[in-house]
Protein chains: 2
Amino acid sequence: MLAFATSSAVTRIDFPALAICRGLEKTVAARIAAVASYRTVAASKMVFCEGDPSDNVYEVVRGMLKLFKLLPDGRRQVTGFLSPGHLLGLAHDERYLYTAEAITDVTLWRYPRTQFDRLIDEVPGLARRLLAATCDELRAAQDQMLLLGRMGAAEKVASFLLAMAECQAGESGDEDEVHVPMARNDIADYLGLTTETVSRTLTHLKREGVISLSTPSHIVLQDRERLSQLAEGDGAAHA
Amino acid sequence: MLAFATSSAVTRIDFPALAICRGLEKTVAARIAAVASYRTVAASKMVFCEGDPSDNVYEVVRGMLKLFKLLPDGRRQVTGFLSPGHLLGLAHDERYLYTAEAITDVTLWRYPRTQFDRLIDEVPGLARRLLAATCDELRAAQDQMLLLGRMGAAEKVASFLLAMAECQAGESGDEDEVHVPMARNDIADYLGLTTETVSRTLTHLKREGVISLSTPSHIVLQDRERLSQLAEGDGAAHA
DNA sequence: CGATATCTTGATAAGCATCAATGTGAGTGG
DNA sequence: CCACTCACATTGATGCTTATCAAGATATCG
């Protein structure tokens, strides 16, 4: 089910330069690209599974995917949504610590771990770059802990919408149009809520005129100011 | 209120070798130690505050501290408890992203950021080491997201007790004795609960004979097996 | 040994989950 | 091309979990 292809001059032109190479010397960047191949994964298919041997490090080139962890009884926590430029499977562990699943069709750069590890030692500045990227993910994780542990449903959903808008700034024409590629279920598992609560909260925001919903995946932020207030706890609960 | 002292031959002998130096060549380790000074912080005093200019990177040598983030209205999320060997303030940002406060009296190694940054570039293997440490923190953060987003109170508290025991394995004589230096309030803000719920849950575990509580900070795990079951959702809620 | 912060316990209520049913849209095959 | 189907989203009724408010018990420290 999974499509593979080795890298070639053509594919290197087709896709944007590897984010981890940006700013590195050309010869070095070429060396990194030399060990990379690319892989496409269809929407709703897994890239890898929690517990699998962590044979590869990936970088998202196109599309969006989600990372999640499971409890024995099936409860799920989505730990992040990854857009192009993000790395996954970097943790230096024998096995993957979470499952990665494509939300849309996804294109990835794949680096075999053994070769990637060698690159880290041999390419000056690469380890530092990866450190910066990981610190950034850690910061995001800490923000998410604050959200999960201390925010009410309205604040969570408002924060999520603003984060999505932020993430898509400069993509579409309208700054207030947000495209939501993931299902309500995924949003819920990301925010520590249920599908129903996410849906209800969105409906409520729509009724208040804060957002508009033409299709479930197309949201327009009508009142960013109000949304920011809600994200900071201006809506009764917990405030 | 804060005690400062420059590093000296004596203090280098007094404290365990810097964790970030472990395994590095002696000359290199000495070079890292040369830019470090140490700092002690009394219990309940701040090491640094969210938003302060991030002038230093620290490493915990002795004692325990907590990291937390605040919402505008005062709600608090403790993102981690740090024991010796852990780094803080590493994120490459102009300002600290969280507040660090001593729980017990704490001793820290302090590295001025400018010099620390230079070391990262110049000491081979250091960036890689820091990368590994940060990946580990990220893993812990993802585990905590699962806890905050998807576990009930009993599971949270049980998980916390087991993690504390794990962390202290090999310290005291009895493997089942857990010393809890932080207040109920801090535990609550770490687990996304209230002080009252933490207290009630502990009382309940005590009544069931799963733990015993002589003083609030001294807990003995009487039935680790049962505790593990509870941590995995064997207690009605959410299961 | 007394004062104060911390912890524990109790009663009540809010917020969100759960269970159940209906609505809606994308994709499929006749 | 259209009806059909199925997955997904929405809406509603109810109950559980945990927060909140309030008071009392227990530790810790000067």
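Quick note on labels: first sequence line is chain A, next is B, and so on, each numbered from 1.
- Atom-to-atom, CD of A:Glu155 to P of C:dA14 comes out at 18 Å; the value is rounded to the nearest Å.
- Looking at which nucleotide of DNA chain C each of B:Arg184 and A:Gly192 is closest to, the 5′-most match is held by B:Arg184.
- Summarising the geometry, the separation between CZ on A:Arg150 and P on D:dT18 is reported as 13 Å, rounded to the nearest angstrom.
- If you take CG of A:Asp186 and P of D:dA9, they are 8 Å apart, rounded to a whole angstrom.
- B:Arg75 places no side-chain N or O within 3.5 Å of a backbone atom of A:Leu146 that could act as its donor or acceptor partner.
- Minimum atom distance to the side chain of B:Thr197 is reached by D:dA19, of the listed D:dT28, C:dC16, D:dA19.
- Taking the side chain as every heavy atom from C-beta outward, A:His179 and A:Met64 never approach each other to under 4.5 Å.
- For the atom pair B:Phe48 CZ and B:Leu88 CG, the distance stands at 4.5 Å (nearest 0.5 Å).
- Protein atom CG of B:Asn185 is 12 Å distant from nucleotide atom P of D:dA19, rounded to whole Å.
- Mapping A:Thr215 and A:Ala154 onto DNA chain C via the closest heavy atom, the residue that lands nearer the 5' end is A:Ala154.
- Separating the CZ atom of A:Arg200 from the P atom of D:dT10 is a distance of 11 Å, rounded to the nearest angstrom.
- Counting to the nearest Å, the P atom of D:dT10 and the CG atom of A:Leu213 are 6 Å from each other.
- Rounded to an integer number of Å, the gap from NZ of B:Lys206 to C1' of C:dC7 is 11 Å.
- Nearest to the side chain of A:Ala153, among C:dT8, C:dC16, D:dG12, sits C:dC16.
- At whole-Å resolution of the value, CZ in A:Arg75 and C1' in C:dA17 are 13 Å apart.
- In terms of modelled atom types and a separation under 3.5 Å, the side chain of A:Gln144 and the main chain of A:Tyr190 share a donor-acceptor contact.
- A:Thr203 has a side-chain polar atom (N or O) that falls below the 4.0 Å cut-off from OP1 or OP2 of D:dT11.
- Across all strands shown, A:Leu202 has no heavy atoms under 4.0 Å from either base or sugar-phosphate atoms.
- Ranking C:dA17, D:dA19, C:dC7 by closeness to the B:Ala183 side chain, first place goes to C:dC7.
- Candidate nucleotides D:dA9, C:dC16, C:dT18 were compared by shortest atom distance to the side chain of A:Ser199, and D:dA9 ranks first.
- The side chain of B:Thr194 approaches D:dT20 more closely than any other nucleotide in the set C:dC7, C:dT18, D:dT20.
- Remark: the backbone N or O of B:Thr195 is not paired with any side-chain donor or acceptor of B:Ser199 at under 3.5 angstrom.
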